[in-house]
Asks: 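Pasting in a structure now, in structure tokens, and then I'll have a few things to ask.
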Amino acid sequence: ERSARLEREIHEAEEQVTAAAEAANRHRDEAASARLLLSNLKTERETLAKLLIPVRDDDLPPIVDQISVTPGYEAALGAALGEDLTAPVAEDAPVHWRLLHIETAIDPALPHGVEPLSRYVDAPPELQRRLSQIGVVPHENGPVLQQNLAAGQRLVSVDGDLWRWDGYVAASGGATLAAQRLAERNRMAEIEEREHAARADASTLLNAEASSIEAHAAAREQVEMARRQMRVTVAAEVIGAQLVAHDEQDIAHRRHACP
């Protein structure tokens, strides 16, 4: 009966070893995938960081590096300001942006129903007046609304089309360097957020992997202990059976020897 109970315990322990091994393998694969994702995100972030190094010879950061734009509006901003985005906010630079303390209420309003680009761009105050005079419109509305623009105003589409108050039109022809830089900055922010989450996930999965390896080792030790106990029990049962047999033989011999 004791041997049968130990056999059941060994069988249960072996099932636990199998389950623990499967869990360890699964956690090992998940941890490896998490480490790979984290490595890829780190590589992409470092590559983008190199691309976003200021390109000016005077080491003054262009104003574009102080701008954040709603994803999807990079081309619109690039078309609206073009190379003006490469100028710094530094009055000692030959070409620069400076803040004019002018009452903006005197500026004309954009055509009715047109949203200003400033709603989608977070920029230094030096750009606010310019951004408030740039409207964002669907491509098909640009040519009609262009006729309603006041002097200095312009319209852009999210694809990068441009309509200016003086009749100038520029169809989108691919992303400008400024738009690419803005898109790369948005991508950088996204990657940094994903990398932070991936690092937390990797840490959790590494801990799970370590725990599952420990559980697997403990389950194997439990099997070995049960098997050792089984061997001791079987040996004891064998010895006990041998002693019983010896006693029975001795009793039978004595009975046979009695007259």
Side-chain angles (χ1 to χ4, degrees), residues 19-90 93 96-97 117-127 131 136 156-160 172-218:
E22 292 175 350
N25 289 334
R26 182 176 67 256
H27 289 143
R28 185 179 297 110
D29 292 342
E30 291 174 347
S33 296
R35 288 193 296 269
L36 178 61
L37 174 60
L38 185 59
S39 176
N40 290 341
L41 289 172
K42 179 182 178 183
T43 299
E44 186 174 359
R45 174 177 55 77
E46 291 175 346
T47 301
L48 281 174
K50 293 176 182 178
L51 293 174
L52 290 172
I53 293 175
V55 294
R56 296 179 55 86
D57 295 334
D58 53 16
D59 291 330
L60 295 173
I63 198 169
V64 67
D65 286 349
Q66 301 177 48
I67 294 173
S68 62
V69 58
T70 301
Y73 287 82
E74 299 93 348
L77 181 60
L81 278 82
E83 292 304 309
D84 293 349
L85 289 170
T86 64
V89 180
H96 62 270
W97 285 91
L117 185 57
S118 56
R119 291 187 181 179
Y120 303 98
V121 179
D122 184 8
E126 287 80 0
L127 279 183
L131 292 173
V136 183
V156 290
S157 72
V158 293
D159 294 324
S172 61
T176 63
L177 292 177
Q180 290 177 4
R181 193 172 183 85
L182 289 165
E184 288 165 354
R185 285 171 57 83
N186 279 341
R187 177 60 179 164
M188 172 73 86
E190 177 189 349
I191 289 174
E192 289 175 343
E193 183 177 349
R194 290 182 60 195
E195 186 179 8
H196 177 75
R199 185 174 290 106
D201 289 344
S203 178
T204 299
L205 291 170
L206 284 172
N207 291 336
E209 179 186 7
S211 297
S212 62
I213 290 174
E214 291 178 1
H216 181 242

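Side chains are part of it too, since the values below use all heavy atoms of this structure and drop only hydrogens, waters and symmetry mates.
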Asks: Looking at Gln66 and Val64, would you say the former's side chain and the latter's main chain have a donor-acceptor pair under 3.5 Å?
Replies: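 No; judged by distance alone, with no hydrogens or angles, the pair does not exist.
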Asks: Does Arg187 reach the side chain of Glu44, with side-chain heavy atoms less than 4.5 Å apart?
Replies: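 In short, these two side chains touch, coming nearer than 4.5 Å.
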Asks: Is there a side-chain contact between Leu41 and Arg199 (heavy atoms, below 4.5 Å)?
Replies: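 A side-chain contact is absent here, since even the closest heavy-atom pair is not under 4.5 Å.
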Asks: Any side-chain heavy atom of Ile67 within less than 4.5 Å of one from Pro124?
Replies: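 Ile67 reaches Pro124 side chain to side chain.
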Asks: Can you see which heavy atom on Ala90 is nearest to which on Leu60, and at what distance?
Replies: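 Taking Ala90 first and Leu60 second, the nearest heavy atoms are CB-CD1, 4.0 Å.
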Asks: Mind listing the closest non-hydrogen atom pair of Pro88 and Ala93 along with its distance?
Replies: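 Nearest heavy atoms, Pro88 then Ala93: CG-CB, 3.8 Å.
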Asks: Once rounded to the nearest 0.5 Å, what's the spacing between atom CG of Asn207 and atom CD of Glu209?
Replies: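 Atom-to-atom, Asn207:CG and Glu209:CD are 10.0 Å apart.
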Asks: Measuring from atom CG of Asp201 to atom NE2 of His196, what distance do you get when rounded to the nearest 0.5 angstrom?
Replies: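 Reported to 0.5 Å precision, the distance equals 10.0 Å.
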Asks: Do you know which two heavy atoms are closest between His96 and Ala87, and how far apart they sit?
Replies: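 So the minimum-distance heavy-atom pair works out to CA-CB, 4.1 Å.
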Asks: Heavy atoms only: give me the nearest Arg45-Glu192 pair and the separation to one decimal.
Replies: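 Smallest heavy-atom distance, with atoms named: CD-CG, 3.9 Å.
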Asks: Could you check whether any side-chain heavy atom of Glu195 comes within less than 4.5 Å of a side-chain heavy atom of Leu38, counting everything from C-beta outward?
Replies: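 Yes, close enough: below the 4.5 Å cut-off.
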Asks: Are the side chain of Ser203 and the backbone N or O of Ala200 linked by a donor-acceptor pair below 3.5 Å?
Replies: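 Between the backbone of Ala200 and the side chain of Ser203 there is no qualifying donor-acceptor contact (under 3.5 Å).
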Asks: Thinking salt bridges, do Arg26 and Glu22 make one under a 4.0 Å N-O criterion?
Replies: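 No, no charged N to carboxylate O under 4.0 Å.
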Asks: Just wondering, do Arg28 and Ile213 contact through their side chains at under 4.5 Å, heavy atoms?
Replies: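 Yes - at least one pair of side-chain heavy atoms lies under 4.5 Å apart.
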Asks: Shortest non-hydrogen contact from Ser157 to Ala76?
Replies: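 Heavy atoms of Ser157 and Ala76 come nearest at O-CB, 3.4 Å.
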Asks: Do Ile63 and Leu81 come close enough that some side-chain heavy atom pair is under 4.5 Å?
Replies: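 Result no, sub-4.5 Å side-chain heavy-atom pair not found.
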Asks: Given 3.5 Å as the limit, does a donor-acceptor pair link the side chain of Trp97 with the main chain of Asp84, or not?
Replies: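 The answer is yes, because a donor-acceptor pair under 3.5 Å joins these two groups.
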Asks: Considering only heavy atoms from C-beta outward, does the side chain of Arg35 approach that of Leu205 to under 4.5 Å?
Replies: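 When only atoms from C-beta onward are counted, Leu205 and Arg35 do not touch, as no gap falls below 4.5 Å.
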Asks: Taking C-beta and beyond as the side chain, do Leu77 and Val156 meet within less than 4.5 Å on heavy atoms?
Replies: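 Answer no - side chains too far apart.
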Asks: Quick check for you: to the nearest 0.5 Å, what is the distance between Leu85 atom CG and Leu127 atom CG?
Replies: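 Going from CG on Leu85 over to CG on Leu127, the span is 7.0 Å.
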